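These notes are about the structure you will find just below.
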Amino acid sequence: MALTRDDVVDAAVGLLAEVGLEGLSLRRLARELGVSAPTLYWHVADKRTLLDHVADRLLVDQWQVVPLAPGEDWGEWLRERATRQYRALVTHRDAARVLAGNRPTEAAMPAAEQVLGTLVAAGFTPTEAFAGIQALGNLVIGSALEYQAERERDAGTGDGGVHDPARYPQHAALTAVLADRVGHGADHDELFRHGLDLMITGLRTRLAAPATRTG
């Protein structure tokens, strides 16, 4: 049976879960598929193109966008989408690193177009809508990256050191609270939700203040 792009992407997703982004190379992927490395270039031009398709596969559920319902709040709709994307990223090894810097493939374009259109219909200019989506995407990716990096750190050694409370009284006052949160899995979800609240509030404020609007 002839090798297809879906076969290549499926194998790449499996290899990513096994060896992480550092271990994922076109040469190793070719070995996994039992083909020569040049054969892969019929399906993906380079590793970055491969990662764009891997990102699509990891977030495949995100491309089925439920349109904004009549009377539904655009901010809550956007919050739900961002939260779902965050959940998807923290579920898969190195998914945040894969998504960082990716470009949407044709499969992802309808969803991207619908999100842009929803914000434009809410009153944002196309430039504002795009900037808002980019900012939210950066929050999602950065939060997921921190979550996974912290998990890797917890699996290793080292506690980050002890700081002098006389020099850093604000941190000292938080020590008990932070220790409790770290001891119970470091509530990165809470931090993500807090950041998301700030961004949604900021978008609402921008929309309500024409004098601050751009392009």
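Note that these values count all heavy atoms, side chains included, but never hydrogens, waters or copies made by symmetry. On a predicted model such as this, the values are computed, not experimentally measured, just so you know.
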**side-chain contact (heavy atoms from CB on, under 4.5 Å) evaluation trace for L203 with L136** = CA-CA 10 Å; L203 286 170; L136 279 171; 4.3 Å; yes
Closest non-hydrogen atom pair between [X] and [Y], with its separation:
{"X": "L89", "Y": "A144", "answer": "CB-CB, 3.7 Å"}
{"X": "L21", "Y": "L16", "answer": "N-CD1, 3.5 Å"}
{"X": "A2", "Y": "D7", "answer": "O-OD2, 3.9 Å"}
{"X": "I133", "Y": "L119", "answer": "CG1-CD1, 3.8 Å"}
{"X": "M199", "Y": "A135", "answer": "CE-CB, 3.2 Å"}
{"X": "V44", "Y": "L26", "answer": "CG2-CD2, 4.3 Å"}

**Message:** Working note: R97 + E22, criterion side-chain contact (heavy atoms from CB on, under 4.5 Å); need CA distance, chi angles, decisive distance, verdict.
**Reply:** CA-CA 10 Å; R97 295 177 62 197; E22 297 300 330; 2.5 Å; yes
Cluster link [X] to [Y], ILVMFWY, side chain under 4.5 Å:
{"X": "L50", "Y": "V19", "value": "yes"}
{"X": "I200", "Y": "V120", "value": "no"}
{"X": "Y41", "Y": "L51", "value": "yes"}

Counting only N and O atoms by type, is there a donor-acceptor contact under 3.5 Å from the side chain of [X] to the main-chain atoms of [Y]?
{"X": "W74", "Y": "G123", "value": "no"}
{"X": "T205", "Y": "T201", "value": "yes"}
{"X": "Q148", "Y": "H92", "value": "yes"}
{"X": "E72", "Y": "A69", "value": "yes"}
{"X": "E146", "Y": "S143", "value": "no"}

**Message:** Is a donor from one side chain sitting under 3.5 angstrom from an acceptor on the other, for T49 and D52?
**Reply:** no
**Item:** D189 and Y147: side chain donor to acceptor below 3.5 Å
**Value:** no
Is any side-chain heavy atom of [X] closer than 4.5 Å to a side-chain heavy atom of [Y]?
{"X": "F130", "Y": "V115", "result": "no"}
{"X": "L78", "Y": "T118", "result": "no"}
{"X": "H53", "Y": "V8", "result": "no"}
{"X": "Y86", "Y": "I141", "result": "no"}
{"X": "F192", "Y": "T83", "result": "yes"}

Atom pair [atom1]/[atom2] of [X] and [Y] - distance to nearest 0.5 Å:
{"X": "D46", "Y": "L40", "atom1": "CG", "atom2": "CG", "answer": "11.5 Å"}
{"X": "R48", "Y": "N102", "atom1": "CZ", "atom2": "CG", "answer": "6.0 Å"}
{"X": "D10", "Y": "L15", "atom1": "CG", "atom2": "CG", "answer": "12.5 Å"}
{"X": "L198", "Y": "L139", "atom1": "CG", "atom2": "CG", "answer": "9.0 Å"}
{"X": "R31", "Y": "R28", "atom1": "CZ", "atom2": "CZ", "answer": "6.5 Å"}
{"X": "L196", "Y": "L191", "atom1": "CG", "atom2": "CG", "answer": "12.5 Å"}

**Request:** List the steps, then state whether salt bridge (Lys or Arg N to Asp or Glu O under 4.0 Å) holds for E76 with R81.
**Result:** CA-CA 9 Å; E76 294 309 309; R81 281 195 54 75; over 6 Å; no
**Request:** Run the salt-bridge test on R204 and D73 with the 4.0 Å N-O cut-off and return the result as yes or no.
**Result:** yes
**Asked** Does D6 come within less than 4.0 Å of R57, counting only side-chain N to carboxylate O?
**Response** yes
**Exceeds 12 heavy-atom contacts within 6.0 angstrom, atom CD of E113** = no
